[in-house]
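Single-structure report; data block below.
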Amino acid sequence: MEHEQRRSVRLRQARILEPMVDILYPEVVGGTNSLAQQRMNRSIQRLVYKMIKEQRAAWAPGVVPKITGDYTVELNQQGLLSIVFTNFGFPPQAAHPMTFQRSLTFETITGYKYELADLFRPGFDYVAELSAIIAAEIEARDIPLLKPFEQISPDQDFYLTPRDLVIYFQLYEIAPYSAGILEFPIPYEDLDMNLCTLGPIPRLLMG
C-alpha cells in the first residue's frame with residue numbers, strides 16, 4: 001500500500017476542437033486501477049464541459065466567444081493528483097478576455113475527488129482558519145477589493161502542490177479584474193495540527 005501511495009499516474013493530453021472552441025485537458029491512462037481511472041476521467045471531462053458552458057454564460061445573449069483552455073498538473077505523487085484548468089473567452093471586439101480557473105484533486109488509488117472540507121478534521125472550523133490567513137495576506141499584499149473581505153466559501157476553489165494548499169478566487173469574486181485570479185498559497189506546516197489524519201496533506205508532510 002505504501003508503495004502504491006507514492007506512485008504517480010500516467011497522463012496524456014486530450015483535446016476538444018470545435019468551431020470557436022480549442023481546449024486541452026489531461027486523461028489518466030495508467031498508474032492506477034481501471035475503476036479509479038474511469039472515475040477521474042469522468043470528473044475531468046465533466047469539469048471541462050462545465051467550464052465551456054460557464055464561459056458562454058458569462059457574456060450577453062448573442063455574443064459567441066472564442067474559447068481556449070489549458071491545464072497545469074500541480075501535484076502527481078504520493079497517490080495524489082491535483083490539476084488546475086484555465087479557460088479563456090475572447091469575444092469579438094471585447095475590451096479584454098474573461099478567464100475562469102477551476103481545479104480537481106484526486107486520491108488516485110480510488111478516484112475519489114477531494115473537497116476542501118476533506119482536508120480537515122470533522123468539526124474543525126477550517127473556514128475561519130483559512131479566512132484569517134487570507135485576510136492577513138490581503139492586507140500585507142495591499143490587494144484592492146470590491147468589498148471588505150469576510151470569509152471564504154466552505155467549498156472555495158483550491159488545489160494542492162507538494163508544499164502548499166492554494167486557495168484562489170475567480171475574477172471579480174473579491175477584487176477587480178485588474179487583480180487577476182487571486183491565489184493564496186498556505187504552507188502545510190502552518191496547518192498540520194488541524195488536518196484530517198486520513199486526508200492527503202499529512203501524507204505530503206511526511207514525504
Side-chain angles (χ1 to χ4, degrees), residues 4-59 65-90 97-120 152-171 173 180-185 196 198-201 203-204:
E4 294 231 352
Q5 288 180 340
R6 291 182 179 276
R7 291 175 58 183
S8 61
V9 293
R10 295 194 303 276
L11 303 169
R12 71 181 175 196
Q13 184 170 276
R15 189 178 190 182
I16 300 172
L17 188 58
E18 302 172 354
M20 302 295 284
V21 176
D22 189 355
I23 304 288
L24 299 176
Y25 67 94
E27 289 182 340
V28 181
V29 296
T32 187
N33 62 81
S34 60
L35 180 57
Q37 182 174 313
Q38 291 170 12
R39 286 174 174 169
M40 289 187 282
N41 285 334
R42 280 198 300 267
S43 292
I44 289 169
Q45 290 173 7
R46 280 197 296 266
L47 179 62
V48 169
Y49 281 101
K50 179 181 178 181
M51 291 179 72
I52 293 173
K53 292 180 180 179
E54 187 176 37
Q55 186 66 253
R56 288 171 172 160
W59 303 94
K66 180 179 180 181
I67 303 171
T68 61
D70 207 345
Y71 66 94
T72 303
V73 179
E74 295 288 350
L75 179 69
N76 185 11
Q77 63 186 60
Q78 303 283 83
L80 300 167
L81 177 65
S82 196
I83 309 168
V84 174
F85 302 81
T86 309
N87 180 303
F88 307 94
F90 300 86
M98 187 65 183
T99 304
F100 290 99
Q101 179 172 295
R102 302 294 181 190
S103 48
L104 293 170
T105 297
F106 298 106
E107 168 64 66
T108 63
I109 297 172
T110 63
Y112 179 77
K113 179 171 68 72
Y114 284 106
E115 305 295 339
L116 185 58
D118 295 327
L119 308 183
F120 302 92
I152 65 169
S153 168
D155 60 351
Q156 190 69 44
D157 289 313
F158 78 98
Y159 62 89
L160 303 181
T161 76
R163 299 164 301 279
D164 303 310
L165 162 63
V166 182
I167 303 293
Y168 63 93
F169 297 86
Q170 302 299 321
L171 293 178
E173 188 172 356
I181 303 286
L182 286 173
E183 297 195 335
F184 297 87
C196 176
L198 299 179
I201 293 178
R203 191 186 314 171
L204 294 168

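Any value given below was found using the heavy atoms of this structure, including those in side chains, with hydrogens, waters and symmetry copies removed.
- Each of V28, T108, V9 was scored for a side-chain contact (heavy atoms from CB on, under 4.5 Å) with Q37, with one residue passing: V28.
- The line from CD of Q77 to CG of L204 is 6.0 Å long, rounded to the nearest 0.5 Å.
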* Asked: For T86 and I181, what are the C-alpha separation, side-chain angles and deciding distance, and is it a side-chain contact (heavy atoms from CB on, under 4.5 Å)?
  -> CA-CA 10 Å; T86 309; I181 303 286; over 6 Å; no

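- Residues N87 and K50 fail the side-chain proximity criterion, which asks for heavy atoms closer than 4.5 Å.
- By the side chain to side chain donor-acceptor pair (under 3.5 Å) test, Q156 pairs with E173, sequence neighbours left out.
- In this view, R10 and V29 satisfy the side chain to side chain contact (heavy atoms under 4.5 Å, CB included) rule, not counting sequence neighbours.
- Among residues two or more places apart in sequence or in another chain, the side chain to side chain contact (heavy atoms under 4.5 Å, CB included) test is passed with A117 by Y126.
- The side chain to side chain contact (heavy atoms under 4.5 Å, CB included) search around D70 returns L24, not counting sequence neighbours.
- In this structure, R15 and D22 have side chains that are in contact, with non-hydrogen atoms separated by less than 4.5 Å.
- Scanning both residues, L160 and S82, for their nearest heavy atoms gives N-OG, 3.0 Å.
- To the nearest 0.5 Å, atom CD1 of residue I44 and atom CG of residue L81 are 6.5 Å apart.
- The salt bridge (Lys or Arg N to Asp or Glu O under 4.0 Å) test applied to E115 returns K113, not counting sequence neighbours.
- Not one N or O on the side chain of D164 forms a donor-acceptor pair closer than 3.5 Å with the backbone of V166.
- Rounded to the nearest 0.5 Å, atoms CZ (F100) and CD (E54) are 4.5 Å apart.
- Residues satisfying the ring pair (Phe, Tyr, Trp, His ring centres under 6.0 Å) test with F88, not counting sequence neighbours, are none.
- Y49 is not listed as a side-chain neighbour of I23, based on a closest heavy-atom distance of 4.5 Å or more.
- Side-chain contact between F85 and P26 is present, with at least one heavy-atom pair separated by less than 4.5 Å.
- Closest approach of A36 and G111 over heavy atoms only: CB-N, 3.5 Å.
- Remark: F90 engages no residue in a ring pair (Phe, Tyr, Trp, His ring centres under 6.0 Å) (not counting sequence neighbours).
- Remark: Y25 pairs with no residue by the side chain to side chain donor-acceptor pair (under 3.5 Å) rule, at least two apart or across chains.
- A 4.5 Å side-chain heavy-atom check between T105 and D118 finds every atom pair outside the cut-off.
- A distance-only check finds a donor-acceptor pair linking the side chain of N33 to the backbone of I109 [under 3.5 Å].
- Annotation: side chain to side chain contact (heavy atoms under 4.5 Å, CB included) contacts of E74 (sequence neighbours excluded): T72, V84, Y159, T161.
- Atom CZ of F158 sits about 5.0 Å away from atom CG of L119, to the nearest 0.5 Å.
- Taking the salt bridge (Lys or Arg N to Asp or Glu O under 4.0 Å) definition, one finds that D157 meets it with R102, sequence neighbours left out.
- A distance of 5.5 Å separates CG of L80 from CD of E107, quoted to the nearest 0.5 Å.
- Between the side chain of Q101 and the main chain of Q170, no donor-acceptor pair closer than 3.5 Å is present.
- Distance CZ/R46 to CG/L104: 9.5 Å, rounded to 0.5 Å.
- Within the structure, the salt bridge (charged side-chain N to carboxylate O under 4.0 Å, His left out) test picks out no pair touching residues 76-90 (sequence neighbours left out).
- Counting only residues at least two apart or in different chains, salt bridge (charged side-chain N to carboxylate O under 4.0 Å, His left out) contacts with residues 25-39 comprise R12-E27.
- Considering all non-hydrogen atoms of both residues, A58 and M98 come closest at CB-CG, 4.4 Å.
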